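Following: one structure in structure tokens, then a few remarks.
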Amino acid sequence: MRETDTALIVIDVQNDFCPGGALAVAGGDEIVPGINALMAEFSCIVLTQDWHPADHSSFADNHPGAAPFSVTEMPYGAQVLWPRHCVIGSAGAAFHPGLNTDPAQLILRKGFRPGIDSYSAFFENDRETATGLEAWLHARGITTLVIVGLATDYCVAYSALDAVRLGFRVELREHLSRAIDLDGSLEEAMAQMEDAGVVMVNMP
Ligand code: VGL
Ligand code: ZN
């Protein structure tokens, strides 16, 4: 069991981000057994769930003529337009059936406001609307986070970078994450996380 000041944060291990899903991440399902095994080492576990209403502004099909994976300007900045994914209550939004959800004390849903996306588990994409996770972790005396999940270059990276900014010590288990890798996004995200001081752990 890890120290009581450390939490495991499992980002978006949902059907739509696994092979066969609407926004499939290559090998997304491969990380499930390793994440389940890792849970045994933690007394504080948080799962996040990407959770979008049907009219969500991050869906390309809600922008007539826009292609999936194109970029648009939102009031809060640039936003990738994604294929419709993780619609509230859908099978695609459910956790991968192999993920052990029982040990989690918190399941945090994000991205439920139609006008704004939320990659990070801490802040929506305006980088200031809080999800409440920071306060939840602080109230439990958590100072160190071990982050795993999907996708390395979007929700995992945004969560890790926000966590560092908030003063947490952050460790990324690279082998328990998989990336979308859109136009070099993985390389950029890895560089940003390394610059920010995220501790990279990669095990064969
Ligand atoms: C994610 C794109 C859109 C993620 C979520 O979980 O990384 N990526 N929504
Ligand atoms: Zn999403």
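Both counts, for ligands and for their atoms, begin at 1 and track the order of listing. Keep in mind that what you see is a predicted model, and the values were worked out from it rather than measured. Values reported hereafter were calculated over all heavy atoms of this structure, with side chains retained and with hydrogens, waters and symmetry mates removed. Position 1 is the first residue of the sequence; numbering continues from there.
The shortest N/O to N/O separation between Val156 and ligand 1 does not fall below 3.5 Å. Considering backbone and side-chain atoms together, Asp12 places an N or O closer than 3.5 Å to an N or O of ligand 1. At a 3.5 angstrom cut-off on N or O pairs, Asp117 does not count as close to ligand 1. Looking at ligand 1, you'll find an N or O of Asp50 within less than 3.5 Å of one of its N or O atoms. Considering backbone and side-chain atoms alike, Cys155 places an N or O below 3.5 Å from some N or O of ligand 1.
Among the backbone and side-chain atoms of Cys155, none of the N, O or S atoms lies under 2.8 Å from the Zn ion (ligand 2). The Zn ion (ligand 2) has an N, O or S atom of Asp50 inside 2.8 Å of it. Among the atoms of Cys86, no N, O or S atom falls under 2.8 Å of the Zn ion (ligand 2).
Close approach of ligand 1 to Ala151 is summarised as follows: ligand atoms under 4.0 Å from at least one heavy atom of the residue are 4 (C), 6 (O), 7 (O). If you number the atoms of ligand 1 from 1 as listed, the ones under 4.0 Å from a heavy atom of His85 come out as 3 (C), 9 (N).
In this structure the side chain of Val199 never reaches within 4.5 angstrom of the side chain of Val170, judged on heavy atoms. The shortest side-chain heavy-atom distance between Tyr119 and Ser159 does not fall under the 4.5 Å cut-off.
Residue contacts with ligand 1 for Leu150 involve N, CA, C or O but no side-chain atom from C-beta outward (heavy atoms, distance under 4.0 Å).
For the pair Arg84 and Trp82, the NZ or CZ position fails the cation-pi test of under 6.0 Å to the six-membered ring centre and within 45 degrees of the ring normal. A cation-pi contact, defined as under 6.0 Å to the ring centre and within 45° of the axis, is absent between Arg165 and Phe122.
Atom 2 (C) of ligand 1 has Trp82 CE2, 3.4 Å as its closest protein atom, hydrogens excluded (heavy atom only).
You'll find the ring centres of His85 and Phe59 inside the 6.0 Å limit.
Contact check on Lys110 versus Glu124 returns no salt bridge, with no Lys/Arg side-chain nitrogen under 4.0 Å from an Asp/Glu carboxylate oxygen.
Not one N or O on the side chain of Ser177 forms a donor-acceptor pair closer than 3.5 Å with the backbone of Leu150.
In the model, Gln79 has a side-chain atom that pairs as donor or acceptor with a side-chain atom of Asn125 under 3.5 Å.
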